[in-house]
Protein chains: 2
Amino acid sequence: MPGILSAIQEQIDTMNPKEKDIAGYVLAHPHHIIQMGITELAQQSGGSTATISRFCKLFHFAGFTEFKLKLAAELAQQTDTQSYQDIVAGNPLERIVSAMESNHVRSITDTTRMLDLKQLQKAIDALKSARQIDLYGVATSGLIAQDFYQKLIRIGKRAVTFSDPHMQVTSASNLTKQDVALGISYSGETSETIAALRCAAENGATTISLTKFGTNTLTSLADISLFTSTLEEGMRRGDMASRIAQLHVIDILFVGLISDQFDDLVPRLEQSFQMVKKYR
Amino acid sequence: MPGILSAIQEQIDTMNPKEKDIAGYVLAHPHHIIQMGITELAQQSGGSTATISRFCKLFHFAGFTEFKLKLAAELAQQTDTQSYQDIVAGNPLERIVSAMESNHVRSITDTTRMLDLKQLQKAIDALKSARQIDLYGVATSGLIAQDFYQKLIRIGKRAVTFSDPHMQVTSASNLTKQDVALGISYSGETSETIAALRCAAENGATTISLTKFGTNTLTSLADISLFTSTLEEGMRRGDMASRIAQLHVIDILFVGLISDQFDDLVPRLEQSFQMVKKYR
DNA sequence: CAGTAATACGAAAATTATTTTCATCCATGA
DNA sequence: TCATGGATGAAAATAATTTTCGTATTACTG
């Protein structure tokens, strides 16, 4: 099941009644949707065009048309790509390897399909002009933050990240309008990260979220929302594929950030590499 | 070369001048079209909305919207394994995204091809029976070590990792025959990691290396050698794809390690998953 | 070299689709 | 019971697309 449909599936419990009706219809007849207009879908699903339009925005689409477009793209992809493989007990090693491979690859390709270039560009622009960049995340997402931190430092950007939640908030409270804060959390509901990003927002910093696709608290606090694909409901994953997808997005941000200065910066990257060699 | 685009290509000679302009634009920027409205496309391609609408009907689409939808579906299908794409200055964001996608996917699939199941199984067995696991790595590889560390801790394995090289060696010098040390370094020539793994080996610990494919110092110190794929020489990467490949191998190790206790352990790993349920 | 016919083309009207506004309804809790 | 707030759809507003229609241009004919 592709990303959008599983995202709908996952959020269906949190929806309003009519939204549930619509979600149900979409899940039942995904291929149908893409040939319909919003009016027809309203009749079929028992909702109104207004509710459908709102429904699409739940998933951060610009509107119904974009929803349809992305859905069409995903459904087209589904036929020729493997679906996620669940990892179960007692697998022979060979099956584990193949399951990990397909899950990780899926995670990257699904996330790519889901990317909103405009949001991405906004995020890159914000990072580019930031005086100071704060990165928030705990546990696995904390490592993603550190990864980005290492990259930013290497190109001479002022950035910080903390594993201590108190330090995160302390740092956030010192941000200004010229600064950027990036909150990373797969679920989008990690309380420490939410607290830090909220604090950053209140101080006027530009806030960016990186979470799984859909509506969540972290996203609602962010000026700019970035998403990774949602894994299927019930998929046992242990943060593995999601982390790969997050790194994928981080890499895109980073390369986007340096691309127009690429020729200047790459030597510096090499240089900082040499520096380490020289001084160790 | 999806069907629609090649159909356009094929018919381009028989088209009217303005239609040719439009065709040219579509062929040059197919991915762009999907995000445009008919008005914007008219401006960009130097035609009018009327001509575009007629253009779409040339190919028997109901209209522009259907054309866009079908095009989106076709473009999504391009699943082929591309070769690594170098990332160069001034790329439009779209190309960066696609380059990162193909590099990361390649990195995973190539690494999978390269895996030696016997070595992998030996590594898993060693980790499984280890009293204590030491993980060594600096900079980007240090984060991979920390990632593995977090996973091991969550399943109750005794493991440590240090960013400080002195601590690494100190820890290594306390290992015994019952212990396992894993050294991570893309090049296999990072002196801190080499020093730590050498120390571990001298104390009788089972040593595992994770490096790029080939011969290198770290591998020569290891009882068990694991490899990631080598990126093309001269590829500018900033440690991006290699890190994904390393995580891929780590994940396989980890799942292999816990697979016979999978059902007990996985719920414990799914922190974020539980969180969502709890908050709603 | 007219004159005519056919076609390409875009401006703008017409149509259609989508989003937003706003009034109403309904559930919830004081 | 009465606010209150949120969900909802009717209808207005807006946006997007298609069609119509008149002009311009080319091609063809006598």
Side-chain angles (χ1 to χ4, degrees), chain A residues 4 8 11-26 29-73 116-119 214-217 219-221 225, chain B residues 4 8 11-26 29-73 279-280:
Chain A
I4 294 173
I8 294 173
Q11 292 205 171
I12 203 165
D13 294 330
T14 72
M15 289 179 189
N16 297 324
K18 284 290 164 184
E19 287 170 348
K20 270 185 198 167
D21 292 351
I22 295 162
Y25 189 88
V26 173
H29 315 278
H31 287 275
H32 245 239
I33 305 292
I34 59 185
Q35 293 166 306
M36 290 178 170
I38 196 172
T39 318
E40 196 182 346
L41 174 57
Q43 287 162 355
Q44 296 291 321
S45 66
S48 67
T49 61
T51 307
I52 291 172
S53 183
R54 282 188 290 258
F55 174 85
C56 296
K57 290 184 179 164
L58 267 187
F59 300 95
H60 307 276
F61 294 113
F64 178 67
T65 312
E66 190 184 322
F67 170 74
K68 234 169 47 172
L69 209 73
K70 291 279 168 65
L71 187 62
D116 181 333
L117 288 183
K118 294 203 184 83
Q119 292 286 303
T215 303
N216 57 62
T217 308
T219 291
S220 69
L221 294 172
S225 300
Chain B
I4 295 174
I8 294 173
Q11 291 199 30
I12 202 166
D13 293 330
T14 71
M15 288 178 190
N16 297 325
K18 285 289 165 183
E19 288 171 348
K20 272 185 198 169
D21 291 350
I22 295 163
Y25 190 88
V26 173
H29 315 277
H31 287 273
H32 245 239
I33 307 292
I34 293 169
Q35 294 167 306
M36 288 178 173
I38 196 171
T39 317
E40 196 183 346
L41 175 56
Q43 286 165 353
Q44 296 290 321
S45 65
S48 68
T49 61
T51 309
I52 291 171
S53 184
R54 283 189 289 258
F55 173 86
C56 297
K57 293 186 177 162
L58 271 184
F59 301 94
H60 308 280
F61 294 114
F64 179 66
T65 311
E66 189 184 324
F67 170 74
K68 233 168 52 170
L69 209 72
K70 292 281 166 61
L71 187 62
Y279 272 86
R280 297 292 173 180

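Throughout, a chain's letter reflects where its sequence line sits, starting with A, and its residues are numbered from 1. Excluded from the calculations below are hydrogen atoms, water molecules and symmetry mates; all remaining heavy atoms, backbone and side chain alike, are included.
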Can you name the residues that form a ring-ring contact (aromatic ring centres under 6.0 Å, His included) with A:F64, not counting sequence neighbours?
->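 Applying ring-ring contact (aromatic ring centres under 6.0 Å, His included) to A:F64 gives none.
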Round to a whole Å and report the spacing from [atom1] of [X] to [atom2] of [N].
{"X": "B:I52", "N": "D:dT18", "atom1": "CD1", "atom2": "C1'", "value": "12 Å"}
{"X": "B:I38", "N": "C:dA12", "atom1": "CD1", "atom2": "P", "value": "17 Å"}
{"X": "A:F67", "N": "C:dT19", "atom1": "CZ", "atom2": "P", "value": "12 Å"}
{"X": "B:Q43", "N": "D:dA16", "atom1": "CD", "atom2": "P", "value": "11 Å"}
{"X": "B:E66", "N": "C:dA17", "atom1": "CD", "atom2": "C1'", "value": "15 Å"}
{"X": "B:D21", "N": "C:dA8", "atom1": "CG", "atom2": "C1'", "value": "12 Å"}
{"X": "B:I22", "N": "D:dT17", "atom1": "CD1", "atom2": "C1'", "value": "14 Å"}
{"X": "B:N16", "N": "D:dA27", "atom1": "CG", "atom2": "P", "value": "12 Å"}

Would a 4.5 Å heavy-atom cut-off, applied to side chains only, mark A:E19 and A:I12 as touching?
-> no
B:E66 side chain vs B:F61 backbone, donor-acceptor pair below 3.5 Å |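 It does not hold such a pair.
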Would you tell me if any nitrogen or oxygen in the side chain of B:T51 comes within less than 4.0 Å of OP1 or OP2 on C:dC9?
->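 Checking B:T51 against C:dC9: no side-chain N or O falls below 4.0 Å of OP1 or OP2.
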Counting side-chain heavy atoms from C-beta on, which of [options] comes nearest to [X]?
{"X": "A:T39", "options": "C:dT18, C:dG10, D:dA10", "result": "C:dT18"}
{"X": "B:T65", "options": "D:dT17, C:dT18, D:dT19", "result": "D:dT17"}
{"X": "B:S53", "options": "C:dT18, D:dT18, D:dT17", "result": "D:dT18"}
{"X": "A:F64", "options": "D:dT19, D:dA10, C:dT18", "result": "C:dT18"}
{"X": "B:R54", "options": "C:dG10, C:dT19, C:dT21", "result": "C:dG10"}
{"X": "B:K18", "options": "C:dT18, D:dT18, C:dG10", "result": "C:dG10"}

Please round to the nearest 0.5 Å and tell me the distance separating atom NE2 of A:H32 and atom CD of A:E40.
->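 The CD atom of A:E40 is 8.5 Å from NE2 of A:H32, to the nearest 0.5 Å.
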Of all pairs that satisfy side-chain hydrogen bond (donor to acceptor under 3.5 Å, both in side chains), the ones with a partner from residues 45-56 of chain B, not counting sequence neighbours | B:S48-B:T51
